[in-house]
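As structure tokens, the structure follows; a few thoughts come after it.
Side-chain atoms are counted along with the backbone in the values below, which use heavy atoms only and exclude waters and symmetry mates.
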Amino acid sequence: MIKSGRALRLGRLFKGDETPLFLVPLDHTVTDGPFTDTRGYDALLGILADNGADAIVVHKGRLRLLPRSVYARLAVVVHLSASTRYAADPTFKYQVAEVEDCLRRGADAVSVHVNVGSLTEDRQLRDMAGVADACDRAGLPLLAMLYPRGPGIKDHPQLETLLHAASLAVDLGADIVKLPLQGPVAAMKRVVDSCPLPILAAGGAQVSDHQFGAFVADVMASGARGLAAGRNIFMAPDPAAKVREVRQLLSAAVDFNRADTPPLADAAGGQMAFPTNGGAATQEHV
């Protein structure tokens with residue numbers, strides 16, 4: 001049976017039915033500016049490819065700068081949404097690239113960002129729906145990054161907004177959804193179980209090694225399909241060691257699940273150590 005281009009590209013992202021996806025977003029350069037110089041960026045690409053990452057997220061202009069040796073080992077997701085931290089409304093994400101152009105440039109998938117509850121949610125959802133249609137025509141997988149963020153979510157429980165965000169990705173035609181999963185493992189599991197799409201947990205702002213390790217373990221215990229972590233990787237003192245550590249945590253979760261071992265969680269009654277929406281650490285720009 002001949003597989004569609006979309007299925008083949010999804011297979012480049014997900015190496016197997018049980019293998020977690022380790023995605024490293026590097027699109028922060030548009031939102032926040034450069035986090036390293038050109039030499040450091042190129043070195044980071046090699047580090048990611050050599051130590052266990054599966055894929056990166058970049059903007060379209062970076063595609064022509066990726067070394068062939070890196071591209072051969074990492075799947076590349078091109079981000080179509082943008083804003084900068086200087087904008088009057090940083091929660092307004094607008095489309096800066098087209099699906100067909102990204103396919104021509106060599107993308108394995110594309111991604112869009114929607115801030116659910118923002119003042120411009122209507123435009124962002126319309127853009128995502130249009131991208132989903134274009135992905136159908138082009139045979140490209142769509143990763144939807146959905147963040148409950150903005151005045152519209154005020155006074156709504158975190159779990160309610162995450163459940164709604166996951167359902168939006170399903171209903172508007174995404175293939176994968178990235179969410180800022182937070183809270184106890186049981187709460188994260190409710191979100192994962194509610195969604196027929198693979199869920200990637202957003203890594204969030206940089207935190208301590210202990211906090212991040214506990215977070216990754218809890219995310220995998222919830223049944224999430226993988227992790228999308230940027231700052232906790234490229235801002236680490238030793239990014240290569242951090243990539244290997246995360247890969248080991250992801251692999252260990254698969255081994256535990258195969259052995260039917262109870263879910264991993266830290267000692268605080270199943271609560272993860274990662275900050276919740278009330279913590280300043282979660283207010284990063286993405």
Side-chain angles (χ1 to χ4, degrees), residues 6 10 13-14 17-18 20-23 25 55 57 77 79-81 91 93 109-118 120-133 135-136 140-204 215-230 250 253 257 263 265 270 272 274-277 282 284 286:
R6 195 171 196 162
L10 280 169
L13 286 166
F14 294 102
D17 292 339
E18 295 183 345
L21 174 60
F22 183 9
L23 178 71
V57 180
V77 180
H79 200 39
L80 307 188
S81 305
T91 65
K93 298 293 183 177
V110 296
S111 59
V112 295
H113 185 122
V114 174
N115 285 318
V116 179
S118 66
T120 55
E121 179 198 82
D122 56 338
R123 301 186 212 179
Q124 295 177 51
L125 287 175
R126 184 173 64 241
D127 284 349
M128 188 176 90
V131 167
D133 290 341
C135 283
D136 280 337
L140 271 181
L142 171 59
L143 165 63
M145 304 181 181
L146 291 171
Y147 283 65
R149 178 181 292 156
I153 67 165
K154 185 179 179 181
D155 300 326
H156 289 276
Q158 174 182 284
L159 179 57
E160 172 193 313
T161 60
L162 285 173
L163 287 165
H164 199 158
S167 70
L168 282 171
V170 177
D171 291 333
L172 295 183
D175 298 284
I176 312 164
V177 56
K178 173 188 169 188
L179 298 171
L181 288 179
Q182 297 170 354
V185 172
M188 290 192 284
K189 190 176 188 306
R190 280 192 60 187
V191 178
V192 172
D193 289 347
S194 76
C195 183
L197 301 179
I199 290 181
L200 304 181
F215 170 66
V216 174
D218 284 352
V219 161
M220 296 312 298
S222 75
R225 195 65 172 80
L227 178 72
L250 297 177
N257 289 336
M272 67 179 188
F274 202 66
T276 61
N277 277 346
T282 64
E284 80 281 4
V286 292

Do Gln124 side-chain atoms and Thr91 backbone N/O form a donor-acceptor pair below 3.5 Å?
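Yes; at least one donor-acceptor contact below 3.5 Å.
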
side-chain contact (heavy atoms from CB on, under 4.5 Å) with Val77: which of Ser111, Pro25, Pro141?
Ser111

Can you list the steps and then say if Glu121 with Val116 is a side chain to side chain contact (heavy atoms under 4.5 Å, CB included)?
CA-CA 6 Å; Glu121 179 198 82; Val116 179; 3.4 Å; yes

Run the side chain to side chain contact (heavy atoms under 4.5 Å, CB included) check on Met145 and His79 step by step: do they pass?
CA-CA 10 Å; Met145 304 181 181; His79 200 39; 3.7 Å; yes

Using the side chain to side chain contact (heavy atoms under 4.5 Å, CB included) rule, take Leu179 and Val191 through it: C-alpha gap first, then chi angles, then the decisive distance, then the call.
CA-CA 10 Å; Leu179 298 171; Val191 178; 3.7 Å; yes

Least distance between heavy atoms, [X] atom then [Y] atom:
X      : Y      : result
Phe14  : Leu21  : CE2-CB, 3.7 Å
Ile153 : Pro148 : CD1-O, 3.3 Å
Ile176 : Pro198 : CG2-O, 3.5 Å
Cys135 : Val110 : SG-CG2, 3.4 Å
Gly226 : Met220 : CA-SD, 4.4 Å
Leu142 : Met128 : CD2-O, 4.3 Å

Taking it one step at a time, do Leu23 and Leu143 satisfy side chain to side chain contact (heavy atoms under 4.5 Å, CB included)?
CA-CA 11 Å; Leu23 178 71; Leu143 165 63; 3.7 Å; yes

Just wondering, are more than 12 heavy atoms of other shown residues or ligands nearer than 6.0 Å to CZ in Arg190?
no

Distance in Å, Thr120 OG1 paired with Asp122 CG, rounded so as to fall on 0.5 Å steps
7.0 Å

Parallel, tilted or perpendicular: ring planes of His113 versus Tyr147, cut at 30 and 60 degrees:
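If you compare the ring of His113 with that of Tyr147, the planes turn out parallel.
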
